[in-house]
Amino acid sequence: MKVFNTLTRQKEEFKPLTPGQIKMYVCGPTVYNYIHIGNARSVIAFDVIRRYFEYRGYQVKYVSNFTDVDDKMINEARTEGTTVPKLADKFIKAYLEDTAALNVEPATLHPRATHEIKEIIAFIQTLLDKGYAYVESGNVFYRAAKFPHYGQLSGQNIDQLEEGASEHISAEEQAQKEDPIDFALWKTQKEPDEIAWDSPWGKGRPGWHIECSVMATKYLGETIDIHGGGEDLEFPHHENEIAQSEAKTGQKFVDYWLHNGFVTVGAEAEKMSKSLHNFVTVREALQTIDPQVLRFFMASVQYRRQLNFSDDNLQQAKTAVDRFKNVLQTAAFRLQDQTAAKADPAMHELLSQTKRDFEAAMDDDFNVQNALTALYSLVTSMNEHLQKPQIDKEFVQAFSQQLQTWLGIFGLEFSTNDQAGDAKIEALVKERDEARAQKDWAKSDQLRDQLQAMGIKLQDTPQGTRWTKLED
RNA sequence: GGCGGUGUAGCCAAGUGGUAAGGCAGAGGUCUGCAAAACCUUAAUCGUCGGUUCGAAUCCGAUCCCCGCCUCCA
């Protein structure tokens, strides 16, 4: 398998530290709000990657954190008249609900920054002892220039960074630093009612970057296989994580850095973000969009590519989802009929070929577009086969299982037994069949309308009438 | 200003030297009592200019557009 490593800017053969096992850390959300489509894209991108590794037989230990204390948490808690921990609880719960609705596999572990304060303090102390950090007015800063590879991940040149210093940091804080590129490991308490913990440097709270270094190394080890996140985290967040972790352990922190592309909106294809006020929360989106469609929409584009959130693209995703659902339902329907089966070796070979194509595509840095192309091709052949009077039942069975396994990697799961007995519906369908047999089209159409009103869609086939429940 | 990404048919998109996959939409057709679903057919010389080569979307140079990051951000 090959994965694109941000650290080297090229695709590299993937080799885990321990054969058969993968240690993977993905930066989670700051829980001060409901997650939006852009956040979900990242979660889903790495969910697909994780599921493919698992499909490939790896045992994946997947850690994703919750950032449950920072400036935004503190401000939002004040605005809402609540406390930071209560705010965090509320939005962690919402996060788990929203991602479950999108069929995201829960992480092996979901650690919270505020539950790791002791470890964070110890970690910072080590950096101080080693001379990589310094205390100033109750704050602790990381001495970035002391770390030899600072800027490597993002390709940033330290001298250029100084010139481009942005205005997101207060003048007061900048003035306290030895160097503008230094960043906070520990922030002193500003207001008496502000959430804070005791530390050797006074009351305060952790800086943003330190928590990920602490949790990743604590739960996965000093060196981990994969670290993921949105590409906006490359700098400074991940750059700082490397600086902190490697300064402390003296070991390489991460072998493969993976970053997902953004969700964009509108004709301008602007990044969806909270600061631009152009975001849609997952909750809002699910009011009008089928969860499977939203899920597939985000899973069906390669993780590094930008994804434009538009009605047109969602419609395309819906068409694809319906197509997969339809072929599986048709297969299930044909497996029920008693028509004599007929072996078809060519179809078995087709399934093997699809497997090779699918895996070759996914092995190439999760090229889901090519993987899906293999599946579309298989589905077309399958639809053709399913129209024949005699089908290869063993193959249809194998096809059905295999396709569902593959779709499962993208997070699609269908129930194909909509046909399960509903006596009332069965009776109406049968009544209509009888009307059709007598060419009583008026009655037949009236019954179809009646079933339609009940949310039942009919399809007349040579093997009999097939019905499915319409989506709501 | 620095760093990075991107530009392929109306839309999504594959493709890193050998003469443009696939999907959606559109058009036509087959099947069907009608419908649904399905199947078949059908479109682009690859941002622009120049170069290398027998041959380039693919390599080199220049140039333009768009997007992102440069300590809030998935």
Side-chain angles (χ1 to χ4, degrees), chain A residues 6 9 26-30 32 35-46 70-72 144 151 154-157 159-169 173-174 177 180-184 207-209 228-237 239-240 259-264 267-276 279 297 300-302 304-308 310 312-313 315-320 322-323 326-327 329-330 361 367 369-370 372-377 379-384 386-387 436 439-441 444-445 448 452 457-462 465-468:
Chain A
T6 306
R9 302 267 163 207
V26 176
C27 287
T30 301
Y32 70 107
I35 58 167
H36 66 239
I37 300 295
N39 301 317
R41 199 277 164 95
S42 182
V43 175
I44 288 172
F46 289 105
D70 84 330
D71 286 338
K72 289 181 305 245
S154 54
Q156 298 291 337
N157 179 302
D159 301 331
Q160 297 293 348
L161 283 176
E162 292 183 54
E163 294 172 14
S166 84
E167 295 164 11
H168 290 297
I169 292 287
E173 183 174 325
Q174 284 297 5
K177 294 179 185 177
I181 62 169
D182 292 350
F183 55 91
W208 174 36
H209 317 292
E231 62 184 357
D232 49 356
L233 296 184
E234 276 172 34
F235 191 92
H237 186 54
E239 197 73 70
N240 292 352
H259 291 96
N260 66 275
F262 298 126
V263 170
T264 59
E268 303 300 312
E270 279 181 331
K271 175 186 175 186
M272 178 182 284
S273 74
K274 288 174 182 168
S275 46
L276 290 173
F279 64 92
F297 166 67
S300 63
V301 172
Q302 203 254 7
R304 286 195 288 124
R305 289 194 73 97
Q306 279 191 8
L307 180 60
N308 194 252
S310 69
D312 198 36
N313 290 345
Q315 183 55 47
Q316 288 190 22
K318 177 173 165 36
T319 304
D322 287 345
R323 185 168 165 78
N326 183 262
V327 74
Q329 286 175 339
T330 306
N367 190 331
Q369 282 111 180
N370 282 340
L372 285 169
T373 292
L375 298 192
Y376 291 140
S377 170
V379 168
T380 297
S381 299
M382 192 61 203
N383 276 323
E384 202 180 350
L386 288 171
Q387 286 188 351
R436 291 184 70 227
K439 300 196 190 298
D440 183 351
W441 309 127
S444 159
D445 289 349
R448 181 165 63 195
Q452 170 99 25
K457 189 169 111 177
L458 297 181
Q459 289 184 36
D460 297 322
T461 79
T465 303
R466 184 180 140 203
W467 61 270
T468 47

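To find a chain, count down the sequence lines: A is the first, B the second, and so on, and within it residues start at 1.
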Could I get the full list of side-chain contact (heavy atoms from CB on, under 4.5 Å) partners for R304(A), not counting sequence neighbours?
-> F4(A), K11(A), Q302(A), D365(A)
side-chain contact (heavy atoms from CB on, under 4.5 Å) involving Q315(A) - partner list, sequence neighbours excluded | K318(A), T319(A)
Pairwise C1' distance, rG7(B) and rC65(B) [rounded to whole Å] = 8 Å
Determine the interatomic distance between C1' on rA56(B) and the same-named atom on rU19(B); round to the nearest Å.
-> 9 Å
R41(A)/E231(A) ion pair, N-O < 4.0 Å = no
Sorted by chain and number, sequence neighbours left out, side-chain contact (heavy atoms from CB on, under 4.5 Å) with V43(A) holds for Y95(A), T99(A), V104(A)
Is there a side-chain contact between T380(A) and R323(A), using heavy atoms and a 4.5 Å cut-off?
-> yes
Counting only distance, no hydrogens or angles, is the base of rA37(B) paired donor-acceptor with the side chain of R466(A) under 3.5 Å?
-> no
Under 4.0 angstrom, heavy atoms only, what part of the nucleic acid is T330(A) near: base, sugar-phosphate, or nothing?
-> nothing
Give one of base, sugar-phosphate or nothing for D182(A), where a contact means two heavy atoms less than 4.0 Å apart.
-> base
In whole angstrom, give the distance that lies between atom CD of Q156(A) and atom P of rU71(B).
-> 9 Å
Any side-chain heavy-atom pair of Q369(A) and N367(A) under 4.5 Å = yes
For rG55(B) versus rU41(B), give the span between their P atoms, rounded off to a whole number of Å.
-> 35 Å
Can you tell me how far P in rG2(B) sits from the matching atom in rU63(B), rounded to whole Å?
-> 13 Å
In whole angstrom, give me the gap between the C1' atoms of rG18(B) and rC46(B).
-> 16 Å
With sequence neighbours excluded, what pairs up with D70(A) under the salt bridge (Lys or Arg N to Asp or Glu O under 4.0 Å) test?
-> K72(A)
Indicate, with a heavy-atom threshold strictly under 4.0 Å, whether G229(A) touches base, sugar-phosphate, or nothing.
-> sugar-phosphate
Let me know the distance between CG of L458(A) and C1' of rA35(B), rounded to the nearest Å.
-> 10 Å
Pairing partner of rA57(B) (Watson-Crick or G-U wobble, both distances under 3.5 Å) | none
Roughly, in whole Å, what's the span from CD in Q329(A) to P in rA36(B)?
-> 17 Å
Provide, to the nearest angstrom, the distance between the NZ atom belonging to K318(A) and the P atom belonging to rA37(B).
-> 10 Å
Determine the Euclidean distance between corresponding C1' atoms of rU6(B) and rC64(B); express it in Å to zero decimal places.
-> 13 Å
How is G151(A) classified with respect to the nucleic acid when contacts are heavy atoms under 4.0 Å: base, sugar-phosphate, or nothing?
-> nothing
Would you call Q459(A) and T465(A) a side-chain contact if the rule is heavy atoms closer than 4.5 Å?
-> no
Enumerate all atom pairs, one protein N or O and one N or O from nucleotides 38-41 of chain B, separated by less than 3.5 Å.
{"unit_1": "rA38(B)", "atom_1": "O3'", "unit_2": "N383(A)", "atom_2": "ND2", "d": "3.1"}
{"unit_1": "rA38(B)", "atom_1": "O2'", "unit_2": "Q387(A)", "atom_2": "NE2", "d": "2.8"}
{"unit_1": "rC39(B)", "atom_1": "OP1", "unit_2": "R323(A)", "atom_2": "NH2", "d": "3.1"}
{"unit_1": "rC39(B)", "atom_1": "OP1", "unit_2": "N383(A)", "atom_2": "ND2", "d": "3.3"}
{"unit_1": "rC39(B)", "atom_1": "OP2", "unit_2": "R323(A)", "atom_2": "NH1", "d": "3.3"}

rU16(B) versus rU58(B) - spacing of their P atoms, nearest Å | 12 Å
Residues in salt bridge (Lys or Arg N to Asp or Glu O under 4.0 Å) with R448(A), at least two apart?
-> D445(A)
base_contact_polar (rG23(B) base, T319(A) side chain, donor-acceptor, <3.5 Å) | no
D70(A) CG - rA74(B) P separation (whole Å) | 10 Å
Check side chain to side chain donor-acceptor pair (under 3.5 Å) between T30(A) and all other residues, then give those that pass, not counting sequence neighbours.
-> none
So which protein N/O to nucleotides 28-32 of chain B N/O distances come out below 3.5 Å?
none

Taking rA74(B), rA36(B), rU71(B) as options, the one with an atom nearest any side-chain atom of K457(A) is rA36(B)
Taken in chain and number order and not counting sequence neighbours, the residues that satisfy ring pair (Phe, Tyr, Trp, His ring centres under 6.0 Å) with F183(A) are Y142(A), H209(A)
Quote, to the nearest angstrom, the C1' distance that separates rC24(B) from rA43(B).
-> 14 Å
NE2 of H36(A) versus P of rA74(B): gap in Å, rounded?
-> 7 Å
Heavy atoms under 4.0 Å, any strand shown: does F262(A) hit a base, just sugar-phosphate, or nothing?
-> base
Taking only residues two or more places apart in sequence or in another chain, which ones pass side-chain contact (heavy atoms from CB on, under 4.5 Å) with S377(A)?
-> none
If we only count heavy atoms from C-beta on, is the R436(A) to D460(A) side-chain gap below 4.5 Å?
-> yes
Polar side chain donor-acceptor pair, E239(A) to S154(A), under 3.5 angstrom | yes
Short side-chain N/O contact to rC69(B) OP1/OP2 from K271(A), under 4.0 Å | yes
Protein heavy-atom contacts under 4.0 Å, written 5' to 3' over nucleotides 10-21 of chain B as B (base), S (sugar-phosphate only) or - (none), form the string -BSSSS-----B
Report the distance from atom CZ of F183(A) to atom C1' of rC70(B), rounded to the nearest whole Å.
-> 15 Å
Of the listed nucleotides rA74(B), rU71(B), rC34(B), the one nearest the side chain of D445(A) = rC34(B)
Watson-Crick or G-U wobble partner for rU48(B), using a 3.5 Å limit on both distances?
-> rA62(B)
Of the candidates rA74(B), rC70(B), rA36(B), the side chain of T30(A) sits closest to rA74(B)
Mapping Y376(A) and N39(A) to their closest nucleotides on RNA chain B, which lands nearer the 5' end?
-> Y376(A)
Sequence neighbours left out, what passes ring pair (Phe, Tyr, Trp, His ring centres under 6.0 Å) with F235(A)? Give chain and number order.
-> none
Whole Å only: how far is the CH2 atom of W467(A) from the C1' atom of rA37(B)?
-> 17 Å
Would you classify V327(A) as touching base, sugar-phosphate or nothing, given that sugar-phosphate means primed atoms plus P, OP1 and OP2, and contacts are heavy atoms under 4.0 Å?
-> nothing
Considering Watson-Crick and G-U wobble pairs with both distances under 3.5 Å, what does rC39(B) pair with?
-> rG29(B)
